[in-house]
Amino acid sequence: MKDLFLFIRRFAGPYKWNIVWSVIFNFLTMFFTIFSFAFIMPILKILFNLDDTRYEFMHWGEKAFHEVLINNFYWYVSGLIERIGASPTLALMALALVVATFIKVITAYFSEYFTIPLRNGVVRDIRNKMYAKIVSLPIGFYTHERKGDIMSRISGDVTEIEVSVASSLAALVKNPIQVIGYLAVMLIMSWKLTLFVFVLLPIAGGVMGAVGKKLKATSLKAQEMLGTILSTTEETIGGLRVIKAFNAEKQMEKLFDKETDTYRRLNNSFQRRYSLAHPMSEFLGTLAVAIVLWYGGTLILAGDASIDAPGFIYYMVIFYSIINPAKELSKVSYTLQKGMASLQRIDKILAADNPIKDAANPVEINRKETQSSHIRLKDVTFSYDGERDVLKDINLDVKPGMTVALVGQSGSGKSTLVDLIPRFWDVDKGEVSVDGHNVRDYRVADLRSLMGNVNQEAILFNDTFYNNISFGDPDVTKEEVVAAAKIANAYDFIMETEDGFDTMVGDRGCRLSGGQRQRISIARAVLKNPPVLILDEATSALDTESERLVQEALERLMKDRTTLVVAHRLSTIANADMICVLNEGEIVERGTHDELIALNGHYRRLVDLQQV
């Protein structure tokens, strides 16, 4: 239960008025439930002629409040019987019962009316916080996580919180009010009988809690396995071409069957234990009713003056009414365990630390005055795992408007080096500076606003050409988007499609060729008009004709900008102002194309290999 109150403190704050109104209407529901049942006693006494007492009107203060209230109520009913007769009085009592019940169900509806926005709002807020955290966390976080598992957390785990925790929250708003109200009436009617109830309810709750203890651990394992299943599904869809090419369908089916069977066994274990909740609460409730019925009947048969037969029937009606909210409260411990397991998985993302933070007193950037930037790496060392250095003592000075190419074998650290400039990662040692300031002195968003990226894999979204090109800048005009498309050599093929710039490109741009996807990425970078351009093997996956068109677009884009180019095709960077050759995380050579050819070292060997 402590976990639930911590949950309320974290997420229910914006909905405090919903809780207040729900509590008010639940009080009213409880009051009218008791009030409507109160009409049962005079109805029974009139029907069976059980009461020949002569009631006199009492003034407030003559006796205890509830005694005066009950006496005056019977005095009024007795007066009605004398004036209009027993049958019309019975009809009026029945009508009053119907009216009180009608008011009760209206107030019950409004208690739910205010609880629903609380439940749905909390779920929406958790999902929004998760998404905001997902897009803010550094790239390094996702090197240790599976995409399918993250999708499982933002969908399945949040839904589980909606089903279990949020519903438990609603139950805790409503049921304690009813239980407390009914117990108060029962104490007033017969403290002896109610002492029995006080003993029975904690025993029943303890039994229910003991059975539900292991639910959280089992549910956590099941949710983790569901994440694994979604990850396997995502990898299968993404790698379907490879699976078919290597005839690995049966292998993947076997893996998937194993995962789903594990999930089935975990769910069986959880649901069997969870299914105990209803029959156990039903049995314990019936047992409690039987014990109270026996004890109360014994008191009446012994002539105990504290309660009469109609009063005992009314007492049993109230006691039976307390069973349902008490059962719901006992089931909260069951449902809560599964929700808390899901919250634990969600918190792994929400509580994750983001080491890429804004400076406390950031340096301001004026984009309008910055046409090209000065980039400098001084004694930079970087490691992904803290053990093996991927970059070692890198020193590089890229002056404004300069084009610097990074070449070398795969795994030499080229892409890692350019990822340090927009702070996708932070250096372990040394310093990366832009325009004379350490990159850590800028706001992260301001720093990245200086840079445009075109990567080997063109990342497009399942949206229109227009929205993909204007991505990140919703205030651009149609004319600016068209101009960017023309510079990127993309305008002609866009206009050949059915809806032009409003044509959908498909999931990850699947309706386009590799060259077309890359030119859309270039158009996006053109529109951003960045002072710094980072090209990470932008043409390595293209055929000769597509490469020519993309290269023309890139050359127009690179004009008068500070540009870093990661390249495998050395023919594309022969005109660079400086070429740096990386080998095992170190810059082993630097200079122009002709200077490096003359050195007859690493660069010359790379050129010769590509000319074979």
Side-chain angles (χ1 to χ4, degrees), residues 138-140 143 373-399 402-434 438-439 451 453-457 532-542 547 550-551 554 558 561-612:
I139 292 172
T143 59
S373 291
H374 184 188
I375 298 171
R376 189 181 181 197
L377 287 81
K378 182 181 179 182
D379 301 325
V380 168
T381 297
F382 174 77
S383 169
Y384 286 109
D385 56 13
E387 297 178 2
R388 188 180 70 86
D389 290 336
V390 179
L391 296 173
K392 307 167 189 173
D393 298 319
I394 298 293
N395 287 281
L396 181 62
D397 194 5
V398 185
K399 293 182 171 55
M402 193 174 179
T403 297
V404 173
L406 306 174
V407 301
Q409 295 178 333
S410 295
S412 59
K414 305 182 298 297
S415 295
T416 301
L417 191 153
V418 296
D419 281 349
L420 297 177
I421 299 168
R423 287 191 73 193
F424 293 152
W425 305 85
D426 272 339
V427 300
D428 297 332
K429 298 177 184 176
E431 178 182 272
V432 179
S433 62
V434 173
N438 191 313
V439 291
M451 300 171 193
N453 290 68
V454 181
N455 302 310
Q456 178 180 0
E457 182 185 4
V532 177
L533 189 61
I534 298 174
L535 308 176
D536 192 351
E537 302 189 41
T539 63
S540 63
L542 304 179
E547 182 181 9
V550 170
Q551 193 62 38
L554 288 174
M558 292 161 59
R561 302 179 201 276
T562 304
T563 306
L564 286 96
V565 183
V566 175
H568 272 134
R569 295 190 183 182
L570 304 183
S571 59
T572 61
I573 48 94
N575 296 324
D577 299 310
M578 180 168 62
I579 300 171
C580 296
V581 183
L582 277 83
N583 185 51
E584 295 184 354
E586 298 179 277
I587 297 178
V588 292
E589 293 175 358
R590 69 182 77 201
T592 64
H593 173 78
D594 293 335
E595 289 169 349
L596 293 176
I597 290 292
L599 275 178
N600 199 26
H602 288 271
Y603 184 76
R604 179 62 181 265
R605 283 197 297 274
L606 291 172
V607 172
D608 290 344
L609 284 171
Q610 291 195 6
Q611 289 177 346
V612 173

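Nothing here was measured: the structure is a model prediction, and the numbers come from that model.
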Restricting to ring-ring contact (aromatic ring centres under 6.0 Å, His included), what partner residues turn up for H593, sequence neighbours left out?
Y603
Going by the rule ring-ring contact (aromatic ring centres under 6.0 Å, His included), which residues pair with Y384 if we only count those two or more places apart in sequence or in a different chain?
F382, W425
Please test L533 against N453 for side-chain contact (heavy atoms from CB on, under 4.5 Å), starting from the C-alpha separation and ending with a verdict.
CA-CA 6 Å; L533 189 61; N453 290 68; over 6 Å; no
Could you pull out all residues at least two apart from S412 that satisfy side chain to side chain contact (heavy atoms under 4.5 Å, CB included)?
K414, L582
Return the set of residues passing side chain to side chain contact (heavy atoms under 4.5 Å, CB included) with P422 (not counting sequence neighbours), or none when no residue passes.
F424, R448, M451, I534
Could you give the distance from CG (D428) to NZ (K392), rounded to the nearest 0.5 Å?
13.5 Å
Quick one: which residue pairs count as a salt bridge (Lys or Arg N to Asp or Glu O under 4.0 Å) with a foot in residues 570-599, not counting sequence neighbours?
none
With sequence neighbours excluded, residues passing salt bridge (Lys or Arg N to Asp or Glu O under 4.0 Å) with [X]:
X	value
D426	R423, R440
R604	D608
K399	D397

Residues in side chain to side chain donor-acceptor pair (under 3.5 Å) with [X], at least two apart?
X	result
D379	N395
S433	none
E431	N438

Under 4.5 Å between any side-chain heavy atoms of [X] and [Y], yes or no?
X	Y	answer
T563	V404	no
I579	V407	yes
I587	D393	no

Least distance between heavy atoms, V566 atom then S415 atom
CG1-OG, 4.4 Å
Would you mind telling me which of T403, D536, I375 makes a side chain to side chain contact (heavy atoms under 4.5 Å, CB included) with L564?
I375
Are D389 and T381 close enough that a side-chain donor and a side-chain acceptor fall under 3.5 Å?
no
